[in-house]
Each structure stands twice: as C-alpha cells, then as structure tokens.
Asks: 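Have a look at the structure that comes next, please.
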Amino acid sequence: MAPGGNKAILTLGDGSTIVLNGAKIGKLARQDNILIKKAADGQISYRDVVVDFHPSKNIIYNTATTPQGGQYQFILADGTKVWLNASSSIKYPVVFNGNERRVELTGEAYFEVAHNAKKPFKVISNGQTVEVLGTHFNINAYNDEQAVKTTLLEGSVKVSAGKVSNIIKPGQQARFDHGLIDVMNVDADEVVAWKNGFFFLKTIIFRK
C-alpha cells in the first residue's frame, strides 16, 4: 500500500471548482485581491497582490476536499500551513478579517499556525473548538470515529466544547466524546506519521 498522493478539489467562493492535482503550476485564481497559486511541489498558497490592500467586508470562503487516498498541502493567507489528510475537507476564508482566524474541519489535518497574539486561530470540528495563537497540532475528526482527537506537538492549545475545556501540552492528546474531554499522553510521531508519508504499524505478539 502506497501513502496518499496529492489529490484534492478546491471549491472557490463563487462555486467553481479546481482539480488541484490536474491544475498547472502558477496562478489558479484571484479572489479579493488574494492570488491563489500552485507551486512546483503542488503546494497551494494564498498571497496578497497589493501590500496595502484593504479587503472587502464580505467574507469569501474556499473549501478544499481530498478523496480517499488523497492528501494536500496549503498555505493560508496568514501564513498558516495545513496538511489535509485523505477523505477530509477544510473550509477557510480567503482573507482573515476581524478579531480571529476561524476554519472548519471534517476529517484529519495537521496545522502549523502562524503566530499572531492579537488574532487567535480556531478550528471547529464535530462540536469542539481548538484555539491557539501559534503552534503545531493535529486534529482527527472523521465522522465515523467515536471521538475527536487533538494531538499537540508544539506550544499549547485550548480544546473546548460547550462549557467544558482543557489546555493540553506537547505530547498530549485531548479526546472529545459525548460532551467530555479526556487528556492523555501519546506518541505524537505515531499520530502524524501520515503527514510524512508513513504508515505506523504495531506488531502484537501472542504468547501461550
């Protein structure tokens, strides 16, 4: 079995779609003075065309979706890097206006959030919210999984659902299930093996 390849569909704010693995290198689209480009390695980035540009008050959202066996990498407008795993989707604004940076995730993604103390980064997934200022973490929020798992590799994150919240440290994982958040120590390298193109297998030996 081979690891997932670079396969994804990008849905723009006007409803049009771009098959990213079939798109040419270079400019893909322009929205609200943000240029969407595809690099030689397939990575998608959002960059300001004009430095002093003031974005419109209307928020334009894009949605990236990966099929089974697909993955994709993105650099959002604030510089945050996102690795989207197979059978997943992420909805995000082309420009982060207002007092927070907010995205919605279904499935699994690894985030390296660009630091901005004045504008927290929030990931909404299956009833929970993960809030950070700038850090590295992984969220597994597939609909067929019993719990939403948030694993921290660097910095600190706040995981909340309703009135319940927890702050986790590097090497810890928060599991949100049926309104409760449990925190445990995990092997972070195992959790993010998919991001680096690896399968993590465990051997179980049965003794008589």
Side-chain angles (χ1 to χ4, degrees), residues 11 13 46 55 57-66 71-195 200:
T11 302
Y46 288 69
K57 294 182 180 180
N58 296 323
I59 301 176
I60 301 174
Y61 288 95
N62 283 183
T63 301
T65 306
T66 53
Q71 296 179 352
Y72 226 89
Q73 299 177 30
F74 301 85
I75 300 178
L76 305 183
D78 67 333
T80 292
K81 297 180 180 180
V82 180
W83 285 257
L84 192 63
N85 203 356
S87 302
S88 303
S89 68
I90 183 170
K91 181 180 178 181
Y92 52 92
V94 174
V95 179
F96 289 103
N97 296 329
N99 298 322
E100 65 180 21
R101 297 169 288 169
R102 182 187 181 101
V103 303
E104 299 176 19
L105 172 69
T106 299
E108 185 169 23
Y110 175 81
F111 295 85
E112 292 186 357
V113 177
H115 184 79
N116 187 338
K118 296 181 179 179
K119 188 176 292 189
F121 192 97
K122 296 182 179 181
V123 183
I124 313 301
S125 54
N126 285 358
Q128 79 160 24
T129 300
V130 172
E131 181 177 343
V132 304
L133 298 178
T135 188
H136 300 183
F137 61 97
N138 189 88
I139 297 179
N140 182 312
Y142 286 107
N143 290 326
D144 58 355
E145 294 281 349
Q146 180 177 347
V148 180
K149 303 171 186 176
T150 303
T151 307
L152 183 62
L153 285 85
E154 179 181 308
S156 66
V157 302
K158 179 181 179 182
V159 181
S160 60
K163 296 181 180 180
V164 181
S165 66
N166 241 313
I167 295 177
I168 60 175
K169 300 176 181 179
Q172 292 185 330
Q173 181 180 88
R175 298 189 179 188
F176 168 61
D177 182 26
H178 292 93
L180 299 176
I181 299 175
D182 293 324
V183 177
M184 60 193 68
N185 295 323
V186 296
D187 184 342
D189 290 335
E190 175 183 346
V191 174
V192 300
W194 68 268
K195 166 186 169 287
F200 197 96

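Everything quoted here is computed from the prediction, not taken from an experiment. The chain is numbered in sequence order, starting from 1.
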Asks: According to the ring pair (Phe, Tyr, Trp, His ring centres under 6.0 Å) rule, which pairs have a member within residues 84-109, sequence neighbours left out?
Replies: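 For residues 84-109: Y46-Y92.
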Asks: Could you check whether any side-chain heavy atom of T80 comes within less than 4.5 Å of a side-chain heavy atom of R101, counting everything from C-beta outward?
Replies: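 Yes, at least one pair of side-chain atoms sits under 4.5 Å.
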Asks: Looking at side-chain heavy atoms only, is the closest gap between V132 and V130 below 4.5 Å?
Replies: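 In short, these two side chains touch, coming nearer than 4.5 Å.
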Asks: Without swapping roles, check the side chain of S88 against the backbone of E108 for a donor-acceptor pair under 3.5 Å.
Replies: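 Yes.
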Asks: Quick one: side chain to side chain contact (heavy atoms under 4.5 Å, CB included) partners of A86, sequence neighbours excluded?
Replies: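 With sequence neighbours excluded, A86 shows a side chain to side chain contact (heavy atoms under 4.5 Å, CB included) to no residue whatsoever.
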Asks: For the atom pair CG (L76) and CD (E112), what is the distance rounded to the nearest 0.5 Å?
Replies: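 Separation between the atoms: 12.0 Å.
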Asks: Are any of the side-chain heavy atoms of L84 and Y110 separated by less than 4.5 Å?
Replies: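 Of all side-chain heavy-atom pairs linking Y110 with L84, none is under 4.5 Å.
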Asks: Mind listing the side-chain donor-acceptor pairs of residues 169-182 below 3.5 Å, one per line with the distance, residues two or more places apart or on another chain?
Replies:
residue, atom, partner, partner atom, Å
Q172, OE1, K169, N, 2.9
Q173, OE1, R175, NE, 2.6
Q173, OE1, R175, NH2, 3.1
Q173, NE2, T151, OG1, 2.8
D177, OD2, Q146, NE2, 3.0

Asks: For the residue pair W83 and N138, confirm or rule out a side-chain donor-acceptor distance under 3.5 Å.
Replies: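 No, N138 and W83 have no side-chain donor paired with an acceptor closer than 3.5 Å.
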Asks: How far does CD1 of I90 sit from CG of N85, to the nearest 0.5 angstrom?
Replies: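 Between I90 CD1 and N85 CG, I get 12.5 Å after rounding to 0.5 Å.
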Asks: For the residue pair S160 and S165, what are the closest heavy atoms and their distance?
Replies: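 Closest heavy-atom pair between S160 and S165: CB-CB, 3.7 Å.
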Asks: Closest approach of V191 and W194, non-hydrogen atoms and distance?
Replies: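 Looking at all heavy atoms of both residues, the shortest contact is O-CD1, 3.3 Å.
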Asks: Search all heavy atoms of L153 against all heavy atoms of F137 and return the closest pair with its distance.
Replies: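 Looking at all heavy atoms of both residues, the shortest contact is CD1-CA, 4.2 Å.
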Asks: Quick check on K119: does its NZ atom have over 12 non-hydrogen neighbours (other residues, nucleotides or ligands) under 6.0 Å away?
Replies: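 Count over threshold, so yes.
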Asks: If the condition is side chain to side chain contact (heavy atoms under 4.5 Å, CB included), which residues does L133 pass it with, not counting sequence neighbours?
Replies: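 Residues passing side chain to side chain contact (heavy atoms under 4.5 Å, CB included) with L133: H115, P120.
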Asks: Looking at residues at least two apart in the chain, or sitting in another chain, which of them share a side chain to side chain contact (heavy atoms under 4.5 Å, CB included) with R102?
Replies: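 So R102 forms a side chain to side chain contact (heavy atoms under 4.5 Å, CB included) with E100, I124.
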Asks: Taking only residues two or more places apart in sequence or in another chain, which ones pass side chain to side chain contact (heavy atoms under 4.5 Å, CB included) with N126?
Replies: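 If we apply the side chain to side chain contact (heavy atoms under 4.5 Å, CB included) test to N126, skipping adjacent residues, the hits are A141, N143, V148.
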Asks: Report yes if the side chains of Q128 and V159 come closer than 4.5 Å at any heavy-atom pair, otherwise no.
Replies: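 In short, these two side chains touch, coming nearer than 4.5 Å.
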Asks: Nearest 0.5 Å, please: how far is CG in N116 from CG in D78?
Replies: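 Here the rounded value is 7.5 Å.
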Asks: Restricting to non-hydrogen atoms, name the atom on F74 and the atom on A64 that form the minimum distance, rounded to 0.1 Å.
Replies: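 Heavy atoms only, the tightest pair is CZ-CB, 3.3 Å.
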Asks: Output yes when a side-chain donor or acceptor of T63 lies under 3.5 Å from a complementary backbone atom of K91, and no otherwise.
Replies: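 No: the side chain of T63 does not pair with the backbone of K91.
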Asks: Decide yes or no for E104 and S125: does some side-chain heavy atom of the first lie under 4.5 Å from some side-chain heavy atom of the second?
Replies: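 They are not in contact (no side-chain heavy atoms under 4.5 Å apart), so the answer is no.
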